[in-house]
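Please read the structure below before turning to the comments.
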Amino acid sequence: MSHHSDATLASRVDHLLEAAFRDCGLPTDTARSVPASRAELGDLQCNGAMPLAKTLGRPPRDIATDVAARLRELPQLESVDIAGPGFINLRLSPAFLASVAEEQLAADGAGIVRQPPQRILIDFGGPNVAKPLHVGHLRSLVIGESLRRILGALGHHTIGDVHLGDWGLQMGMLIAEIRLRWPDLPCFSAEPTLPEGVLPLGMDDLQKLYPEAAAACKAEPARMEEARAATAALQAGNPGYMMLWRAIRTISLDAQRRDFDSLDVHFDVLLGESDVQSLIPGMLDDLRARHVAVESEGALVIEVAQESDGKPMPPLLVAKSDGAALYATTDLATILDRKQRDNPDRIVYVVDQRQALHFEQVFRAAHKAGYADGIDLFHAGFGTVNGPDGKPYKTRQGGVAQLKDLLSDAIDKARERVAGNTEVSDPEALARSVGMAAIKFADLSSYRTSGYIFDADRMVSFEGRTGPYVQYACVRIGSILARASERGAAPGPITVDAPAERALVLDCARFPEVVTSAAANLAPNEIADYVFGLAQTFSRFYNECPVLAAEEEATRASRLALCALTRNVLVQGLTLLGIVVPEKM
Ligand code: ARG
């Protein structure tokens with residue numbers, strides 16, 4: 001029977017410790033276990049006697065001796081030793097470990113402990129219309145998707161919102177450019193129309209057009225004037241421009257959707273900057289009326305500096321004299337909109353760390369205005385993807401690398417790796433799966449705020465700290481289980497005997513805590529580290545403990561169950577990273 005567990009191994013041991021401390025008349029706040037510093041000493045250790053010694057004025061070894069005497073009565077513990085000044089080393093009993101493993105094997109989600117559900121909106125991806133997804137979007141997509149899965153697995157209601165950059169001057173630039181080149185398009189006529197198929201542009205054309213338009217505007221003030229005028233007309237609702245804008249947005253979004261699909265990234269809502277523009281005039285009136293925003297040199301600003309600031313905190317500009325839409329104003333209006341639409345408890349913005357100041361200002365302004373009451377706003381920033389020189393990744397021509405180039409680099413390398421593997425039926429699908437795992441794992445295995453070097457060769461390797469290494473471990477365990485079932489050998493009751501079995505059970509049992517911690521820190525790298533370590537622990541187990549070749553049938557059945565447990569946990573962990581495990585590789 002499967003069930004949701006509500007206790008991790010660590011929390012169960014902590015309950016035992018608390019009871020022992022209480023029985024000794026001691027306060028229980030230091031009755032906590034941590035993994036043992038050395039496996040020879042035990043499975044877990046409790047360092048709680050030392051801090052108590054100070055407050056109680058008793059020698060720590062005395063306290064430890066009292067507690068240890070109680071603990072030794074418990075069937076869950078095989079041995080309890082005191083070391084050094086008063087460390088209590090705990091070795092769990094084989095029967096207890098076996099029951100922990102059995103329970104985890106039967107539990108939903110490999111024992112993930114559910115939390116009181118919150119509504120959490122995750123703002124990630126953030127591509128801009130008419131621009132290809134580039135290397136910076138990779139991190140937002142990969143990290144955002146992982147956070148969405150982690151928080152969802154803990155029982156939260158997550159809302160993934162792509163927050164398209166689909167409004168503002170960039171749109172005006174593009175419209176002005178199109179008007180210049182194709183003045184006869186029916187959307188520019190007195191009675192504008194834009195039947196489907198009339199616009200002679202695909203995504204590739206738009207992607208060329210936009211940089212050309214931007215360059216022209218930069219070089220010639222007259223062109224910039226036209227772009228501004230087009231932006232203003234669009235924002236005022238010019239029907240022909242609106243038709244054109246909608247068509248461009250659709251072309252872009254269709255292309256970007258394909259990128260999302262190939263990355264296996266999912267959104268619940270595809271809203272954008274344009275969707276909140278109608279809220280802005282009323283919002284500005286409100287901010288003015290309540291003096292939250294004040295005039296300053298012809299512009300409207302919100303002061304957000306606080307006395308405790310250690311760094312300069314400029315006021316947030318919410319309206320310029322020309323009334324153009326601003327990034328910050330749009331973000332502020334988006335908070336209002338989300339509060340109405342989704343009423344989230346939290347909004348997590350998965351956006352480049354270089355936008356940290358922007359978000360700090362927007363969050364303070366939102367709270368000051370009372371727009372984010374009851375909403376925890378958090379910027380989960382990330383560092384840059386770097387080239388071999390350690391500087392932000394560029395193409396060979398020196399341009400910003402496009403996402404699809406990175407993906408095809410990794411998939412090409414993966415194809416080389418898996419070539420000649422005659423066991424798989426669809427080598428191309430395998431190359432894609434390995435390439436994606438390589439990219440995602442490389443991205444997620446460093447802490448989000450650090451940058452990392454994009455090295456396609458290294459990341460697709462089957463050795464070392466890589467996605468394919470962990471995938472391979474899962475596949476290998478899968479084939480052990482398949483071979484067993486061919487021979488009619490099935491998993492059975494778990495017994496824990498050999499040191500490598502003990503280590504494997506203990507490592508598997510950590511999974512729920514790792515997921516809880518990764519969620520608390522919005523740090524998928526904790527899960528990446530964990531699955532890599534577990535794959536290594538398994539590898540040691542497999543070297544030391546024959547499974548199919550085990551002498552006793554009961555031992556074989558138990559080890560098969562440990563294989564199944566490990567595979568569950570690894571697959572579950574990889575799923576939280578957005579990584580799929582292939583059937584064979
Ligand atoms: N479109 C923006 C960019 O490419 C990212 C949007 C991030 N989300 C937000 N709510 N500002 O930089």
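In listed order, ligands and their atoms are each counted from 1. Here the structure is a predicted model, which means the values were calculated and not measured.
- Atoms of ligand 1 found under 4.0 Å from any heavy atom of Gln355 (numbered from 1 in listed order, with element): 12 (O).
- Between the side chains of Ser517 and Glu526, at least one donor N or O sits under 3.5 Å from an acceptor N or O.
- For ligand 1, the atoms closer than 4.0 angstrom to any heavy atom of Val351 are 7 (C), 8 (N).
- Numbered from 1 in the order shown, with element, the atoms of ligand 1 that lie under 4.0 Å from a heavy atom of Asp331 read 9 (C), 10 (N), 11 (N).
- The nearest protein atom to atom 8 (N) of ligand 1, hydrogens excluded, is given as Asp123 OD1, 3.1 Å; this is a heavy-atom distance.
- Annotation for ligand 1: atoms under 4.0 Å from non-hydrogen atoms of Gly126 are 1 (N), 2 (C), 3 (C), 4 (O), 5 (C).
- Near Tyr349, with a cut-off below 4.0 Å to any heavy atom, the atoms of ligand 1 are 10 (N).
- A 4.5 Å side-chain heavy-atom check between Gln471 and Phe462 finds every atom pair outside the cut-off.
- Within the 4.5 Å cutoff, the side chain of Leu377 has no heavy atoms near those of the Phe359 side chain.
- One option in Asn128, Ile335, Val362 has a heavy atom closer to atom 4 (O) of ligand 1 than any other, and that option is Asn128.
- Checked against a 6.0 Å centroid threshold, the rings of Phe267 and Phe124 count as neighbours.
- Looking from atom 11 (N) of ligand 1 to the surrounding protein, the closest heavy atom is Tyr327 OH, 2.8 Å.
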Legend entry - Test side chain to side chain contact (heavy atoms under 4.5 Å, CB included) applied to Arg346 and Leu151, step by step: CA-CA 11 Å; Arg346 294 165 76 185; Leu151 294 166; 4.3 Å; yes
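- Proximity of Phe124 to ligand 1 is not established, as no heavy-atom distance is less than 4.0 Å.
- The closest side-chain heavy-atom distance from Tyr349 to Gln355 is not below 4.5 Å.
- Side-chain atoms of Met313 and Arg364, non-hydrogen and from C-beta on, do get closer than 4.5 Å to each other.
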